[in-house]
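Read the numbers this way: they start at 1 and go in the same order the structure lists the ligands and their atoms.
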Amino acid sequence: MSKPLRKVVFPVAGLGTRFLPATKVVAKEMLPVLDRPLIQYAVDEAVDAGADTLVFVTNRYKHAIADYFDKAYELEAKLQEKGKSDLLAMVQGTLPKHVRAIFVTQPEALGLGHAVLCARPVVGDEPFGVILPDDLIWNTGRGALGQMADLSRAQGAAGVIAVEEVPHDETDKYGIVAATPVDERSAVIRHMVEKPKPADAPSNLAVVGRYVLPGRIFELLERTTPGAGGEIQLTDAIEALLKEQGKVLAYRFQGTRFDCGNKAGLVRATMHMAMQDPKLAAVVREFAASH
Ligand code: UTP
C-alpha cells in the first residue's frame, strides 16, 4: 500500500448485549471512559493516523453517535454567551474541521464483515482503516492505527492487522493468526481462523480491533458466506486475501488495549485514565485502600 490512509471505517452496528439494559437506548460506543465516549478515543486515533473521512456503520438505535459529532447550536451559544471558551472549544473539537463524518446503515447485524462491506460505496477501491471503538488502545505517542498505516506503507503490505497475545484458553473469543516473524513487532500472516477452540488454534496471537485493508477486501467480502456464529466474518475475507498471495502483516502495536466491550475492560480503562490525573489518581488509591 503506498497511498496514504484517508478513510477509516467504524463498524458500530452491533447490538452491545453485554451492556444491556443500558444499550437498549445508549449506543455502546457512547459509554464514557471518564468524560469522553469510547467513540471519541477511536476518532482521535483515526485523525492521528491521517484520516480525513470517517465512515460510521450504524443502525437505527445509534443516532446519538451522529448527534455527538454534529453542531450543538444551543449549547454552543450558551457557552459563548457565558464566556466559557475552554468548554466551547471542547464541544466544538469532537471532530476537527478538516474531517468529515459519513454515516451508512447496516440494516441487520449480520456480522463484522457485513458491516465493513456496508462502507464500500463510500470507501471505493482505496486502502482504508477499520477501528472497533470498544477496543480502546491508549498510547502516549503515535496511535495504533497510525503505527499500522506507517508500517503498511514502509513494507508495501496489502494489509496490516493488530494482534496481541491472549491466554491459550481464550482463543475461542478471537480471530487467531499463524504468522512468520519479521521482527519483534511484525510477522507475515500465513493463515487466520475465527474463534478456534484452544485445541485447534494455530497460536495464541489474537486479532484485536484495528485493521489496514485494501479496497480488494470488499470484493472478497461479497463472496464470503456466513461463518462462525452464523455471521459474515471479516476474518474469512482476510483469509481469502491471503490465499490470493496478498502480503498481510500481523502487528504488535505500541500501547495498552482495553477491551471495553465487556464490563471488566471498561472498569480497567476508566481506572487507567483516572490514574493519569493526580486528583483522580488519589481517589482511586483511597478507594482501593479502603476496600
Ligand atoms: P461484538 O462482537 O463486540 O458485538 O462486535 P456487539 O454486538 O457490539 O456486542 P455484544 O457482543 O452483543 O455485547 C464487534 C464490533 O463489530 C461491530 C460492533 O458494533 C463492534 O464494534 N458489529 C458487529 C457491527 O457493526 N455489525 C455486526 O453485525 C456485528
Worksheet, complete the sentence: Rounded to the nearest 0.5 Å, the CG atom of Asp259 sits from the CG atom of Leu266 at a distance of 10.0 Å

Worksheet item: atom 25 (O) of ligand 1: which protein heavy atom is closest, and how many Å away?
Response: Ala13 N, 2.9 Å

Worksheet item: So, Arg190 versus Thr180: side-chain donor-acceptor pair below 3.5 Å or not?
Response: yes

Worksheet item: Would you call Val57 a ligand 1 contact, heavy-atom distance under 4.0 Å?
Response: no

Fill in: Side-chain donor-acceptor contact under 3.5 Å, Tyr174 with Glu194
no

Practice prompt. Only counting residues at least two apart or in another chain, list the ones meeting side chain to side chain contact (heavy atoms under 4.5 Å, CB included) with Asp48.
Written response: Arg142

Worksheet item: Cation-pi between Arg6 and Phe128: NZ/CZ under 6.0 Å from ring centre and within 45° of the ring axis?
Response: no

Item to complete: Can you label the angle between the Phe56 ring and the Phe103 ring as parallel, tilted or perpendicular, going by 30° and 60°?
Response: parallel

Fill in: Minimum-distance protein heavy atom relative to atom 21 (O) of ligand 1
Pro11 O, 2.8 Å

Worksheet item: Numbering the atoms of ligand 1 from 1, which are under 4.0 Å from a heavy atom of Leu110?
Response: 28 (O)

Fill in: Non-hydrogen protein atom less than 4.0 angstrom from atom 10 (P) of ligand 1
yes

Fill in: Identity and distance of the protein heavy atom lying nearest atom 8 (O) of ligand 1
Lys28 NZ, 2.7 Å

Item to complete: Looking only at protein heavy atoms, identify the closest one to atom 2 (O) of ligand 1 and say how far it is in Å.
Response: Arg18 NH2, 4.3 Å

Worksheet item: Does an N or O from Leu112, backbone or side chain, lie closer than 3.5 Å to an N or O of ligand 1?
Response: no

Worksheet entry | Protein contact to atom 7 (O) of ligand 1 [nearest heavy atom, distance to 0.1 Å] | Leu15 N, 2.7 Å

Worksheet, complete the sentence: For Ala115, the atoms of ligand 1 under 4.0 Å from one of its heavy atoms are 24 (C), 25 (O), 26 (N)

Practice prompt. Mark yes or no for whether Arg210, through its side chain, and Asp135, through its backbone, hold a donor-acceptor pair below 3.5 Å.
Written response: yes

Fill in: Val12 contact mode with ligand 1 (heavy-atom cut-off under 4.0 Å)
backbone

Worksheet item: Does any N/O atom on Thr17 come nearer than 3.5 Å to any N/O atom on ligand 1?
Response: yes

Worksheet entry | Sub-4.0 Å atoms of ligand 1 with respect to non-hydrogen atoms of Ala109 | 28 (O)

Item to complete: Provide, to 0.1 Å, the distance between atom 19 (O) of ligand 1 and the closest protein heavy atom, together with that atom's residue and name.
Response: Gly14 N, 2.9 Å

Worksheet item: Looking at OH of Tyr211 and CG of Leu112, how far apart are the two atoms once the value is rounded to the nearest 0.5 Å?
Response: 5.5 Å

Item to complete: Look at atom 26 (N) of ligand 1 and say which protein heavy atom is nearest, naming residue and atom and giving the distance to 0.1 Å.
Response: Gln106 OE1, 2.7 Å

Worksheet item: How would you list, by chain and number, every residue that makes a side chain to side chain contact (heavy atoms under 4.5 Å, CB included) with Asp70, sequence neighbours excluded?
Response: none

Fill in: Polar contact flag, side-chain donor to acceptor under 3.5 angstrom, Glu239-His191
yes

Fill in: Closest protein heavy atom (residue, atom, distance) for atom 28 (O) of ligand 1
Gly111 N, 2.8 Å

